[in-house]
Amino acid sequence: MPDAPEAHASDFRLYNTRTRQVEPLAPAEQTAAGEGKPVPHLRFYACGPTVYTFAHIGNFRSFLTADLIQRTARALGWQVTYVSNVTDVGHLSEDDLTDPAGEDKMAQALEEEGRRFANVYDLARFYTEALVEDWRRLNLREPTVRPRATEHMAGQIKAVEKLVERGHAYETEQGVYFSVESFPGYGALSGNEEAQSLQASGRDTVTDPEKRDPRDFALWKKDPDHLMQWHSPWGWGFPGWHIECSVMGRAYLGETFDLHTGGEDLIFPHHECEVAQNESLRDNTGDESGGPSIRHWAHTRFLQVEGEKMSKSKGNFFTVRDLALPRDEGGEGIDPLALRLTLISGQYRKPFNFTRKTLRDSAQTVRRYREVRERAEKALEEDAGGDDDRAGTQLDAIYDRTLAAMCDDLNTPAALAAAYEGIKLLRGIEEEMNGATARSAMDWLEKTNALLGIVGYDTGETDRAAKKEPGAVDDAFAQQVEALLAERADARERGDYERADAIRDRLEDEMDVEVMDNPDGTDWRRKLSV
RNA sequence: GGUGGCGUGGCCGAGUGGUUAGGCAGAGGCCUGCAAAGCCUUGUACGGUGGUUCGAAUCCGCCCGCCACCUCCA
């Protein structure tokens, strides 16, 4: 690995929802890495999904923000501990009331898919596995830890007990609630500081009559009939939604940590409640840790699809697999890395309009990255000589600008624009790459890929997905194409262009192959499938 | 009603006081049997209005429009 930290003095700046400004992301901890030189150690928590269905592209926009934060930190030479949870407990669809039907999202999903799953646990397991598959398909790196809410039940119960002991929570006939009044800072993160606005919001459905304040939220729900239930000091029941993230974050990252990320909808109530819980659970309130338990908050804005809110009823609702699964497995066969590129082509903090057009552009861009890599690989395989490395210094400068853009509040559009200059530079080289250029190109591609993840997969485990890439074809198909091209070459030599064009039409229209005649032969490739 | 954000050329999207963002599409050219691919060149912009300033897309006011959250949708 190159010693990145010295090469780039730039701070990693990120908008902080808590302070409402862009500020340096400053890891509190320095860790001795390798040769003993201490490096910043970023420790953060990214809210993951509830696994009651397949994750959609909007979910992944949010997960990609965490992925890019991690990649940028690593590119700066930082150490990273990155926790991303899986919520595999179904929480009530209405927090304050016991749903008359006693149902939550997981239970509803089970009802709809009862034939496929024996119980909610099977359903959760299935969708957790699907999540991880999609995660890899889009080339997101695995988090350091991926905890599940059900694995932290004892911790959640203990946390609720502690909150009760400390006077931050109280029990009613129906459950245990956090007392918002007991935590003066409530509302600071989201700006929802007025109790009135909550009451005025018109959501005043059936609430627990014993609740002391409309803002109070559930920590534990008593419900011996719930599909998922655990034994607690308050009888059988299940935990409130917000407590799981507090408990898992504290379990793996401690009482204070650097950063917490999630979708914009989580700012309130989820993260607001998490702050209330974390601060109330904290023991080290002294100065040694100083400041809030979670210093930096980053939230990803929702994406829209073709200018509209993504929703099932509008027919513009896409899961990763709808788009990126190969055609023979029920998807659209879109290159997963093109989908990834599309999802990061807007800055995380601005509304992003996901369109087919952008997807098509991205597919082309990803293919160009690949073609450049293939050219460089070929030059290296052929042991190309030459030490004229003019491209190298330019590529270094390009990479520096790419990283600098990422450090500027994850300005992915600017970063991608900078990186694309490298592609233009390398594509502009007309003759075969010399050895030095090819090596520089490979180095640059590797670094750029480590940062943005759009060139190829990091690990071997996703090779299966890679084989389904557009352009990757099986031998039988290739032989068929080559045979037709040979026939066409004959026809062209005879001057029978009618015949030659008929063959080309067949290749293009029926076999989705692009035919490209060069001075020294004919190349072909699969058309993009977007 | 409260809170946060946005409005840039045909489209997507950078830029936050004076200097080209970039991509895609479009136009012209090179190459080609014709195409495709590729390469070169290239036009169009800052929601409206008032103000600050030598100068504003960029700062401030007002207006219009759009989006999100306000109890579980990332």
Side-chain angles (χ1 to χ4, degrees), chain A residues 15 17 20 46-50 55-66 87 90-97 104-105 187 190-194 196-205 207 214-218 240-242 261-270 272-273 299-304 307-311 342 345-355 357-362 364-365 368 371 405 408 411-421 424 427-428 430 492 495-498 500-501 504-505 508 513-519 522-525 527:
Chain A
Y15 184 85
T17 307
R20 292 187 178 74
C47 268
T50 304
H56 55 71
I57 55 176
N59 297 125
F60 269 93
R61 170 148 137 110
S62 171
F63 307 153
L64 277 161
T65 300
T87 297
H91 299 290
L92 288 181
S93 17
E94 303 289 334
D95 189 37
D96 283 341
L97 64 148
D104 60 48
K105 284 188 290 194
S190 63
N192 287 331
E193 290 183 293
E194 290 178 41
Q196 301 311 319
S197 75
L198 284 167
Q199 287 162 311
S201 69
R203 298 280 189 131
D204 204 16
T205 42
T207 54
R215 297 173 299 169
D216 292 354
F217 54 90
W241 176 36
H242 315 304
T261 68
E264 61 170 328
D265 59 318
L266 298 182
I267 298 172
F268 192 91
H270 186 52
E272 193 71 76
C273 296
H299 293 99
T300 305
R301 295 223 40 177
F302 276 0
L303 65 71
Q304 294 190 287
E308 289 188 295
K309 181 170 175 142
M310 183 166 74
S311 70
T342 300
S345 66
Q347 197 231 14
Y348 77 99
R349 203 155 61 78
K350 287 202 169 171
F352 177 70
N353 189 16
F354 180 93
T355 65
K357 179 118 173 5
T358 310
L359 201 48
R360 207 172 310 128
D361 295 350
S362 299
Q364 185 165 237
T365 302
R368 287 178 171 171
E371 285 170 354
D408 178 19
N411 191 341
T412 44
L416 291 166
Y420 196 66
E421 282 180 37
K424 283 192 289 187
R427 279 161 67 87
E430 304 233 350
R492 289 179 73 201
D496 183 358
Y497 293 119
E498 204 175 315
D501 290 351
R504 186 173 63 198
D505 286 348
E508 300 205 333
V513 164
E514 276 177 305
V515 177
M516 300 169 291
D517 293 329
N518 292 319
T522 299
D523 285 335
W524 65 278
R525 67 185 180 192
K527 282 187 190 169

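In what follows, chains carry the letters A, B, and so on, assigned in the order in which the sequence lines appear, proteins first and then strands, with residues in each chain numbered from 1.
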Tell me: [atom1] of [X] to [atom2] of [N], nearest whole Å?
| X | N | atom1 | atom2 | result |
| --- | --- | --- | --- | --- |
| W241(A) | rA74(B) | CH2 | C1' | 9 Å |
| R349(A) | rG15(B) | CZ | P | 10 Å |
| K527(A) | rA36(B) | NZ | C1' | 10 Å |
| E272(A) | rU71(B) | CD | P | 13 Å |
| R492(A) | rA35(B) | CZ | P | 13 Å |
| M516(A) | rC31(B) | CE | C1' | 15 Å |
| R61(A) | rG13(B) | CZ | P | 9 Å |
| R301(A) | rG13(B) | CZ | C1' | 15 Å |

Go through [options] for me and flag the one nearest to the [X] side chain.
| X | options | answer |
| --- | --- | --- |
| P413(A) | rG15(B), rA14(B), rU71(B) | rA14(B) |
| R427(A) | rU3(B), rG38(B), rG13(B) | rG38(B) |
| Q364(A) | rA37(B), rC24(B), rC69(B) | rC24(B) |

Using a heavy-atom cut-off of 4.0 Å across all strands, would you classify [X] as base, sugar-phosphate, or nothing?
| X | value |
| --- | --- |
| T300(A) | nothing |
| L303(A) | base |
| F354(A) | nothing |
| G262(A) | sugar-phosphate |
| E508(A) | nothing |
| T355(A) | nothing |
| F63(A) | nothing |
| Q347(A) | sugar-phosphate |
| H56(A) | base |
| Y420(A) | sugar-phosphate |
| I267(A) | nothing |
| N411(A) | sugar-phosphate |
| D517(A) | base |

- [ ] State whether the distance check finds a donor on one side and an acceptor on the other, under 3.5 Å, for side chain K357(A) versus base rC24(B).
- [x]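 Between rC24(B) and K357(A), which were checked side chain against base, a qualifying N/O pair under 3.5 Å is present.
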Task: Polar pair under 3.5 Å, donor/acceptor by atom type, side chain D501(A), base rG33(B) - done: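 Such a pair exists between side chain and base.
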Distance check, [atom1] atoms only: [N] and [M], in whole angstrom units.
| N | M | atom1 | value |
| --- | --- | --- | --- |
| rU42(B) | rG22(B) | P | 11 Å |
| rU16(B) | rA56(B) | C1' | 10 Å |
| rC73(B) | rA36(B) | P | 50 Å |
| rG55(B) | rC12(B) | P | 34 Å |
| rG51(B) | rG17(B) | C1' | 15 Å |
| rG50(B) | rG2(B) | C1' | 29 Å |
| rC72(B) | rC59(B) | P | 37 Å |
| rC54(B) | rU49(B) | C1' | 23 Å |

Any side-chain N or O of [X] under 4.0 Å from OP1/OP2 of [N]?
| X | N | result |
| --- | --- | --- |
| K309(A) | rC69(B) | yes |
| R504(A) | rA36(B) | no |
| K424(A) | rG23(B) | yes |
| R368(A) | rG38(B) | yes |

- [ ] May I ask you to decide if the ring planes of H242(A) and H270(A) are parallel, tilted or perpendicular, using 30° and 60° as cut-offs?
- [x]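 Because their plane-to-plane angle lies in the 30° to 60° range, the rings of H242(A) and H270(A) count as tilted.
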Open item on the list: When you compare the side chain of E508(A) with that of V515(A), does any pair of heavy atoms fall below 4.5 Å?
Closed with: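 V515(A) reaches E508(A) side chain to side chain.
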TODO: Could you check if a side-chain atom of F352(A) sits within less than 4.5 angstrom of a side-chain atom of F302(A), using non-hydrogen atoms only?
DONE: no
Task: 5' priority, RNA chain B, between Y15(A) and V515(A) [closest heavy atom] - done: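 Of the two residues, Y15(A) wins.
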Open item on the list: By a 5.5 angstrom centroid cut-off and a 30 degree plane limit, is there stacking between Y497(A) and rG33(B)?
Closed with: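 Stacked: centres under 5.5 Å apart, planes under 30°.
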